[in-house]
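Contents: one structure, followed by commentary.
The analysis underlying the following values was restricted to heavy atoms, covering all of them including side chains, and did not include hydrogens, waters or symmetry mates. Every chain is numbered from 1 and lettered A, B, ... according to where its sequence line falls, protein lines coming before strand lines.
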Amino acid sequence: MKRVLIVVALLAFPTAQARAEGDPARGQEIYESRCIACHSPDANRVGPMHRGVFGRKAGSLPGYAYSKALKGADFVWNDETLDRWLTNPQAFVPGQKMNFKVTKAEDRTDLIAYLKTLR
Amino acid sequence: MSKLETADTTIIRPTSELDLGRRQMFRVAGMTTLSAAAIAVLGGCRSMAATPMASEGDVNTLNVALGLEHEAINAYQLGAESGLLQKPVLDVAVQFQSHHKQHRDALVAAIKSMGGAPVAEKSMDDYAKELNAGALKSQADVLTLAAKLEKGAANAYLGVIPSFESKDLAQVAGRLAADETMHWTVLASALKQALPEKALTFGA
């Protein structure tokens, strides 16, 4: 049921891929107002640190207490998985504990462009 | 279909209104006990806290909120102990810290009333490292960090509102966001930062 609805939704409203290239500077601004309460590039806080997140296996930092759901996830963070996560973390990884959505596709694209710069 | 997805308009758009309505009713009926218990506690009326009926998702979200409050309390502690804050700024920082302690106590009680385990506070040293407290050299540095954390917290609370299964807890998140916004406004004004030109800059 759930799958069918999501598929129908995606077919009816091809969303997400707004622009191929994001703007990392704008992404950083958004990060510093919307992600910064829980995340930093270089420290595990309420959420895990983000340096190196692009290309990293989900839920894989040793010093951070992930939810069981994210720890058990078997995928790598890339454009597509980050976009799905930020769109609706609970729909993507049920049982996760972030519960914070970024509704505008453009904002997600820019955020992902910024996360890529955190090498 | 999970409740969270039901709340997501982008994903449920193609379903019928009627279908949505029924789910919504079902959800509200199921959540009443939990809300009464947790809200009684968050509202400061412990005796009303009834049988716990945990929603794991809501407990997780409250625990993330509690993590934010632990960090805020320690950030103000670091600021107060830094010797960089002068009166009357110091008094305001202490007052804001006391708000965060009240948030913490309410969240701990609510999480317990829902049968959850509240996340523990880390050590001051850990917070000092995470927040890069060594880089704070002036009162303005401390206030800038505090303003950033308060604005972030307001946005975080606003952002998790749609994820709550309990509407009452969602309202509590809104009230927490209001407190953080009040703190941010005072800090921004102390820093002589301009207020946002546009409306609706929070939570987006």
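- By the neighbour-count criterion of 12 heavy atoms within 6.0 Å, atom NZ of Lys151(B) is sparsely surrounded, having that number or fewer from other residues, nucleotides or ligands.
- Donor-acceptor pairing under 3.5 Å is recorded for the side chains of Asn78(A) and Thr81(A).
- The salt bridge (charged side-chain N to carboxylate O under 4.0 Å, His left out) search around Asp91(B) returns Lys87(B), not counting sequence neighbours.
- Looking at Asn44(A), the atoms closer than 4.5 Å to chain B (heavy atoms on both sides) all sit in the backbone: N, CA, C or O.
- Between the side chain of Tyr127(B) and the backbone N or O of Lys122(B), at least one donor-acceptor pair lies under 3.5 Å.
- Between Pro162(B) and Gly159(B) the shortest heavy-atom distance is CD-O, 3.3 Å.
- When the options Gln96(A), Lys97(A), Met98(A), Gln90(A) are evaluated for a side chain to side chain contact (heavy atoms under 4.5 Å, CB included) with Asn60(B), the one that passes is Lys97(A).
- Nearest heavy atoms, Ala93(B) versus Leu85(B): CB-CD1, 3.9 Å.
- Side chain of Ser82(B) to main chain of Leu84(B): a donor-acceptor pair is present (N/O by atom type, distance under 3.5 Å, no hydrogens or angles).
- With hydrogens and angles disregarded, no donor-acceptor distance shorter than 3.5 Å links the side chain of Arg34(A) to the backbone of Asn155(B).
- Of the candidates Leu187(B), Val186(B), Val94(B), Leu143(B), Leu143(B) is the only one forming a side chain to side chain contact (heavy atoms under 4.5 Å, CB included) with Val89(B).
- With a 4.5 angstrom heavy-atom cutoff, Leu131(B) touches chain A only via side-chain atoms.
- Side chain of Asn63(B) to backbone of Ala117(B): a donor-acceptor contact under 3.5 angstrom is found.
- Looking at Ala43(A), only its side chain comes within 4.5 Å of chain B, counting heavy atoms on both sides.
- Proximity to chain A among residues 68-78 of chain B is limited to Leu68(B), Glu71(B), judged by heavy-atom separations below 4.5 angstrom.
- To the nearest 0.5 Å, atom CG of residue Leu70(A) and atom CZ of residue Phe92(A) are 9.0 Å apart.
- Using a 4.5 Å cut-off between non-hydrogen atoms, no part of residues 55-68 of chain A approaches chain B.
- For residues 46-54 of chain A, the interface with chain B (any heavy-atom pair closer than 4.5 Å) comprises Val46(A), sorted by residue number.
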Full working for side chain to side chain donor-acceptor pair (under 3.5 Å) between Gln102(B) and Ser98(B): CA-CA 6 Å; Gln102(B) 294 169 53; Ser98(B) 127; 3.2 Å; yes
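- For the pair Lys167(B) (side chain) and Phe164(B) (backbone), a donor-acceptor distance under 3.5 Å is absent.
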